[in-house]
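Reviewing the structure listed below.
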Protein chains: 2
Amino acid sequence: MTDEKKPRRRPRSDGQRNRTNLLNVAKAAFTAGETDIPLDEIARRAGVGIGTLYRHFPNRDALIEAVYRAELDRLADAAPLLAAQHPPVEALRAWMRLFVDYIAAKLVIAPALNGLAGGTGTLYAQSGTVLQSAIDGLVAAAVASGDISADIEPVDLLRALAGVSNYAAGPGWETSAKRLVDILIAGSRVSTS
Amino acid sequence: MTDEKKPRRRPRSDGQRNRTNLLNVAKAAFTAGETDIPLDEIARRAGVGIGTLYRHFPNRDALIEAVYRAELDRLADAAPLLAAQHPPVEALRAWMRLFVDYIAAKLVIAPALNGLAGGTGTLYAQSGTVLQSAIDGLVAAAVASGDISADIEPVDLLRALAGVSNYAAGPGWETSAKRLVDILIAGSRVSTS
DNA sequence: TTGTTAAACGGAGCAATCCTCCGCATATAT
DNA sequence: ATATATGCGGAGGATTGCTCCGTTTAACAA
């Protein structure tokens with residue numbers, strides 16, 4: 001497997017520009033709830049040909065994943081920052097709330113995302129990792145400080161949060177989601193019984 | 001709104017039979033992970049014409065919802081049964097575990113289901129109610145017995161469980177899901193701090 | 001049993017969408 | 001200025017969702 005990268009040339013500037021254009025347009029569309037928008041339409045709005053879209057993103061799922069990944073990376077990056085500013089348990093809570101805020105900010109990538117899950121589930125395996133490591137650190141710190149139980153698996157919390165994004169509809173869902181965060185925190189503490 | 005039903009005749013037997021046939025075939029296909037199966041194929045496997053499928057279910061989403069609803073009803077029906085057999089908190093825990101089991105039994109209707117959420121979200125509003133009332137009863141009993149906090153909104157727990165179904169992939173997901181149930185129960189108890 | 005009628009059936013065909021293919025244009029490097 | 005690899009663009013084949021309407025058949029009455 002000689003998998004070496006040989007960048008004989010620098011990547012072309014127009015290519016980069018078109019790529020980010022496509023991502024922005026797609027993100028805007030998905031955010032606006034137009035999850036079933038034809039790909040031709042996305043290409044048109046971005047001012048490129050359909051062929052260009054398909055070169056950058058070989059199929060619909062790849063495009064969705066790319067949009068999704070970009071946002072998740074930003075969310076993941078917030079974790080170490082919060083860890084530096086708050087005591088462990090509060091950092092964890094804050095991050096989970098941030099997760100909720102992301103969904104509230106109409107960055108509802110979840111629905112689009114879930115369409116993929118039906119296929120292989122590989123998307124989660126890939127994209128999940130950045131969130132995974134983000135929350136891993138937060139939980140590890142809280143365990144180390146003796147605040148929450150060592151039995152807690154970070155992925156459990158992630159699953160719960162993911163669920164929120166699906167039910168993210170109807171009035172009052174946001175307060176409900178934040179209550180859930182508190183329940184999760186309370187349930188994760190070292191047993192006081 | 002004269003919304004009266006005038007069943008001038010009894011429903012035709014072949015109609016009923018074809019309808020259940022379609023539901024069974026669709027359920028089998030979705031369960032097997034073929035969420036993207038063409039509707040023509042479903043009709044073929046059920047031994048009916050495509051037109052028949054579309055009369056019973058006006059579009060793909062309607063078919064998915066019908067499959068989904070049938071399973072959810074069964075899950076909801078289990079709630080009062082469990083309530084009669086266990087103390088309140090344990091009944092709640094048992095029901096939530098049953099929820100997990102349903103997903104484990106490859107009744108993964110969730111992925112298909114989530115595809116719809118992107119649209120209007122009305123599906124959740126409709127189908128969610130049967131689960132809602134099921135868990136409402138369980139929680140109310142647990143609150144009444146003084147075991148869990150009155151602040152708990154049942155829907156919060158439902159959201160979390162729904163999340164599990166999305167992340168239902170990879171080895172060990174099931175134990176993770178059951179751990180989550182325990183966390184939720186622990187977090188819902190009357191605060192001991 | 002036989003006739004009548006409303007209900008259900010079935011599949012050809014239209015429209016929309018996904019994605020491929022390949023000749024053309026342009027940015028990069030010499 | 002020239003060469004060439006990289007990226008662009010859109011026509012078109014294949015697939016799928018859904019509609020429409022003539023034909024078939026089960027339910028009911030006499």
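Naming: A, B, ... by sequence-line order, numbering from 1 per chain. Just so you know, these numbers come straight off a predicted model, no measurement behind them.
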Inset, instruction - Indicate whether OP1 or OP2 belonging to C:dA8 is found under 4.0 Å from a side-chain N or O atom of B:T52. - result: no
Inset, instruction - May I ask you to decide whether A:D101 forms a salt bridge with A:K178, counting only side-chain N to carboxylate O separations under 4.0 Å? - result: yes
Inset, instruction - Send over the distance from B:R44 CZ to D:dT16 C1', rounded to a whole Å. - result: 15 Å
Inset, instruction - Using atom CG of A:N59 as one end and atom C1' of D:dT15 as the other, report the distance to the nearest whole Å. - result: 16 Å
Inset, instruction - Return the value, rounded to whole Å, for the distance between atom CD of B:E41 and atom C1' of D:dT15. - result: 13 Å
Inset, instruction - Quickly work out the B:Q16 CD to C:dC9 C1' distance and round it to whole Å. - result: 15 Å
Inset, instruction - With heavy atoms under 4.0 Å as the rule, sort A:I50 into base, sugar-phosphate or nothing. - result: base
Legend entry - N/O (side chain, B:R10) to phosphate O (OP1/OP2, D:dC28) under 4.0 Å: yes
Legend entry - Rounded interatomic separation in angstrom, taking CZ from B:R17 and C1' from D:dT25: 11 Å
Inset, instruction - Establish, with yes or no, whether the OP1 or OP2 oxygen of C:dC18 is under 4.0 angstrom from a side-chain nitrogen or oxygen of A:R60. - result: yes
Legend entry - 5' priority, DNA chain D, between A:G47 and A:D40 [closest heavy atom]: A:G47
Legend entry - Base of C:dA7 paired with side chain of B:R12 (donor-acceptor, under 3.5 Å): yes
Inset, instruction - Taking atom types as modelled, find out whether B:S176 and A:D156 have a side-chain donor-acceptor pair closer than 3.5 angstrom. - result: yes
Legend entry - Selected nucleotide, minimal atom distance to B:Y54 side chain, candidates C:dT28, D:dG9, D:dC18: D:dC18
Inset, instruction - Please state how far atom CD1 in A:I64 lies from atom P in C:dC18, giving the value in whole angstrom units. - result: 10 Å
Inset, instruction - Rounded off to whole Å, could you give me the CG-to-P distance for the B:D36 and C:dC19 pair? - result: 11 Å
Inset, instruction - Give a yes/no on whether any side-chain N or O of B:N18 is located under 4.0 angstrom from OP1 or OP2 of C:dC9. - result: yes
Inset, instruction - Could you check how far CG of A:L53 sits from C1' of C:dT17, rounded to whole Å? - result: 13 Å
Inset, instruction - Using atom types as modelled and distance alone, determine if a side-chain donor or acceptor of A:T31 lies under 3.5 Å from a backbone N or O of A:K27. - result: yes
Inset, instruction - Quick one: label A:G15 by what it contacts on the DNA or RNA (base, sugar-phosphate, nothing), any heavy atom closer than 4.0 Å. - result: sugar-phosphate
Inset, instruction - May I ask you to evaluate whether A:H56 reaches the phosphate of D:dC8, defined as a side-chain N or O under 4.0 Å from OP1 or OP2? - result: yes
Legend entry - Nearest-nucleotide 5' precedence on DNA chain D, A:G49 against B:L39: A:G49
Inset, instruction - Report the residue (A:G51 or B:R55) whose heavy-atom-nearest nucleotide on DNA chain C is the more 5′ of the two. - result: B:R55
Legend entry - CG-CZ distance between B:L158 and B:F99, expressed to the nearest 0.5 angstrom: 6.0 Å
Inset, instruction - Determine, for A:D40 against A:R45, whether the closest basic-nitrogen to carboxylate-oxygen distance falls under 4.0 angstrom. - result: no
